[in-house]
Amino acid sequence: MTVPEELVARSNTLGADPRNTNYAGGNTSAKGSTVDPVTAKPTELLWVKGSGGDLGTLTEAGLAVLRLDRLRALVDVYPGVEREDEMVAAFDYCLHGRGGAVPSIDTAMHGLVDAPHVDHLHPDSGIALATAADGAALTKECFGDRVAWVDWRRPGFQLGLDIAAVKDANPQAIGVILGGHGITAWGATSEECQRNSLDIIRTAEQFLAGRGKAEPFGAIVPGFEALSEKDRHTRAAALAPVIRGLASTDQRQVGHYTDSDVVLDFLAREKLAPLAALGTSCPDHFLRTKVRPLVLDLPATAPIEDAIARLKELHAEYREEYAAYYQRHATPDSPAMRGADPAIVLVPGVGMFSYGKDKQTARVAGEFYVNAINVMRGAEAVSAYAPIPESEKFRIEYWALEEAKLKRMPKPKPLAGRIALVTGAGSGIGKAIAQRLAAEGACVAIADLNADAATEAAEGIGSKDKAVAVAANVTDVAEVAAAVDATVLAFGGIDLVVNNAGLSISKPLLETTEKDWDLQHDVMAKGSFLVSQAAAKAMIAQGVGGDIVYISSKNSVFAGPNNVAYGAAKADQAHQVRLLAAELGEHGIRVNGVNPDGVVRGSGIFAGGWGAQRAAVYGVQEEDLGAFYAKRTILKREVLPEHVAAAVFALTAGDLTHTTGLHVPVDAGVAAAFLR
């Protein structure tokens with residue numbers, strides 16, 4: 001293998017095991033020689049994981065490639081620790097060739113340490129030693145002189161110099177523990193470097209397990225034990241919209257819920273409050289979890305109303321404390337305060353709610369806090385947890401380099417941060433709507449009577465960070481409530497509901513049975529009512545507004561032939577739009593409708609027999625029905641599912657902020673169905 005291929009393989013192996021490093025945490029490097037195409041002479045290069053990305057999924061495109069002679073020459077022009085940030089811009093003048101990733105702040109560490117291969121990782125066991133009150137002594141006890149200690153220093157050029165000096169002074173060492181931060185290991189070959197990294201990590205794990213006390217978080221507090229799975233999920237679903245609304249005070253957030261054993265045990269222990277107040281330590285941790293979490297200080301069995309009231313009080317206090325934290329440490333050139341809401345909310349007996357700009361960010365924030373819990377357990381097991389000072393956390397959270405990284409992020413999509421539930425989305429119009437909403441940045445719950453179709457549609461959109469499947473019969477109040485709860489537990493809340501589930505039976509009045517009538521009204525009229533009711537309850541609890549969209553029909557205003565049950569049910573839906581728009585407006589919830597017509601191709605309804613029935617009514621072949629509908633329109637165009645999806649997007653994407661109670665025709669122009 002080439003040097004970069006070897007580096008990528010090592011990185012993937014290390015990153016695949018969460019015991020070795022957290023998601024997107026740490027970086028790896030390798031040094032080697034190549035022929036410079038300009039001078040035709042051998043040139044020493046450094047391949048190093050670039051800014052961002054994840055070791056477990058790293059590819060060669062994620063490596064920054066720098067000339068080692070130029071990188072090391074920066075030592076001669078280094079202006080000192082007070083101006084070390086200037087060195088990051090200098091990395092650009094050390095790059096070899098075009099392309100490659102942006103060099104990270106840790107590039108200096110990899111270039112200045114005199115070893116062909118270097119790993120910098122964030123294992124829970126290593127950080128536990130790094131954050132112990134007597135971490136230096138414990139490192140000596142654990143490793144002898146095989147691993148050295150480096151005092152805390154913010155990542156940067158000076159830390160690279162510090163580690164290089166420690167390595168030079170300790171030739172027998174295979175790596176270092178970085179105070180408050182993580183580990184760095186090195187080796188003469190890629191295999192040796194990986195072996196040394198794993199040696200440090202596993203030795204630290206064994207040391208903590210063998211020397212540590214049994215209950216480092218203290219005794220279980222009566223009343224704070226985990227509820228049964230059913231009870232905690234029910235309580236989580238009730239609390240999630242409220243907590244998400246609080247966490248979205250400054251900026252709309254997507255949520256993630258975690259009730260793993262690690263989390264529930266921590267939340268039940270007597271040291272929960274004091275340890276949570278100390279916050280996290282590793283920069284990768286608190287950049288995603290914020291300086292500390294919000295902790296509900298009530299037992300798991302407290303009345304839900306009391307829990308909600310207390311959460312609101314604690315949230316107000318959290319915002320005040322965060323603003324005070326900012327004021328304590330901000331300097332005239334600090335970036336503006338980004339937001340004072342918590343990223344992690346801990347609810348004893350129930351679990352952890354984590355938040356971010358999208359589902360992946362929220363999920364990863366939760367994963368990082370689980371890492372932090374493991375770190376605190378390890379440190380408390382052998383010593384006392386002592387994270388880096390608050391002032392140092394602020395220096396990193398509001399670092400100019402971190403601010404620059406945030407500004408490089410792409411502009412969010414129109415529906416970023418929005419959470420949608422689409423009924424009847426396993427096929428046809430509903431599937432097209434779900435696909436469009438997800439493509440525009442929304443998280444989508446796909447509800448359908450056919451669980452397999454819902455699953456296939458969700459998987460077609462992407463991972464569970466983007467879409468989840470929910471089996472639901474919209475005529476059943478319990479299943480509707482479960483579908484909304486599933487959406488809330490998957491993404492933290494609900495912002496956008498599309499009532500699309502439907503079916504059609506084309507018969508004249510005298511042939512329409514009571515069963516025909518009841519079925520269509522149950523699915524479309526009653527089903528839309530039940531879904532809107534359950535969703536509105538969650539939206540009101542959230543307090544950030546929302547959208548409800550009904551997929552009605554041209555037939556809600558047009559008296560089509562042999563269509564009494566379907567047309568009446570659609571007319572019911574159309575008037576629900578008006579009624580709910582008037583009622584829910586005070587909560588910032590907008591209710592609008594879309595009136596499609598003639599959606600034949602890709603339509604689940606038409607494929608299920610409706611197409612054959614309507615073709616018979618109009619005396620045309622079923623395969624010609626779409627063209628027949630198109631000819632009778634003003635625009636002479638066939639309507640497709642994606643056209644309906646476009647109307648839903650237009651109604652919900654943010655431009656029509658003052659529009660509610662509207663029905664948008666998507667019928668290519670049917671004069672008889674003009675709204676008036």
Side-chain angles (χ1 to χ4, degrees), residues 420-437 444-458 461 467-487 494 496-506 515-536 547-556 565-577 580 591-597 599 602-611 641 644-645 647-648 651-652 663 666:
L421 169 65
V422 184
T423 66
S427 62
I429 291 173
K431 184 176 181 179
I433 292 170
Q435 290 171 334
R436 178 63 187 271
L437 297 180
V444 184
I446 293 179
D448 202 280
L449 184 63
N450 185 328
D452 291 339
T455 299
E456 184 179 349
I461 288 173
V468 296
V470 181
N473 180 348
V474 297
T475 70
D476 186 304
V477 65
E479 291 197 29
V480 167
V484 172
D485 285 353
T487 304
I494 189 166
L496 198 169
V497 170
V498 182
N499 281 309
N500 169 75
L503 77 160
S504 298
I505 302 173
S506 175
K515 182 180 179 181
D516 295 335
W517 177 274
D518 287 344
L519 178 59
Q520 293 183 87
H521 279 74
D522 278 352
V523 172
M524 291 179 286
K526 176 185 173 182
S528 295
F529 156 71
L530 292 177
V531 172
S532 295
Q533 183 182 59
D547 283 285
I548 299 176
V549 179
Y550 281 64
I551 305 303
S552 184
S553 170
K554 171 264 295 181
N555 290 291
S556 66
Y566 179 80
K570 286 300 182 182
D572 187 312
Q573 285 186 307
H575 200 48
Q576 283 187 41
V577 168
L580 297 187
V591 187
N592 294 290
V594 178
N595 288 351
D597 182 52
V599 184
S603 168
I605 286 179
F606 276 87
W610 174 256
V644 183
V648 174
L651 286 167
T652 59
H663 280 278
V666 183

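Owing to the predicted nature of the structure, the values given are computational and were not obtained by experimental measurement.
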_From K431 atom NZ to N500 atom CG, the distance as rounded to the nearest 0.5 Å_ = 13.0 Å
*S532 side chain reached by L580 side chain, heavy atoms, under 4.5 Å*: yes
*Just by modelled atom types, is the A501 backbone N or O under 3.5 Å from a matching donor or acceptor in the T423 side chain?*
yes
_Nearest 0.5 Å, please: how far is CG in L437 from CG in L496?_
6.0 Å
_Minimal non-hydrogen separation, D448 against A425, with atom names_ = OD2-N, 3.4 Å
*Between Q520 and A565, which heavy-atom pair has the shortest distance, and what is it?*
NE2-CB, 3.1 Å
*Does a donor on one side chain sit under 3.5 Å from an acceptor on the other, for S528 and Q576?*
no
*What closest approach, in Å, do D476 and A478 show between heavy atoms, and which atom pair accounts for it?*
OD1-N, 2.8 Å
*Kindly say whether K570 contributes a backbone atom to a donor-acceptor pair with the side chain of S552 at under 3.5 angstrom?*
yes
_If you compare all heavy atoms of P641 against all heavy atoms of G428, which two are closest, and at what distance to 0.1 Å?_
CB-O, 4.1 Å
*Determine whether more than 12 heavy atoms belonging to other residues, nucleotides or ligands lie under 6.0 Å from atom CD of E479.*
yes
*asked:* Quick check for you: to the nearest 0.5 Å, what is the distance between K526 atom NZ and D572 atom CG?
replied: 12.5 Å
_Heavy-atom pair with the smallest gap, counting every atom of A458 and A467_ = O-CB, 3.8 Å
*How long is the span from the CG atom in L421 to the CG atom in N499, to the nearest 0.5 Å?*
8.5 Å
_Nearest non-hydrogen partners of V480 and A534, listed with the distance_ = CG1-CB, 4.0 Å
_Restricting to ring-ring contact (aromatic ring centres under 6.0 Å, His included), what partner residues turn up for H663, sequence neighbours left out?_
none
*Say you draw a straight line from CG of L530 to CG of D522; how long is it, rounded to the nearest 0.5 Å?*
9.0 Å
*In a check of side-chain contact (heavy atoms from CB on, under 4.5 Å) between Y550 and each of V497, V498, V594, V591, which one passes?*
V591
_Gap separating the CD atom of Q435 from the CD1 atom of I433, nearest 0.5 angstrom_ = 10.5 Å
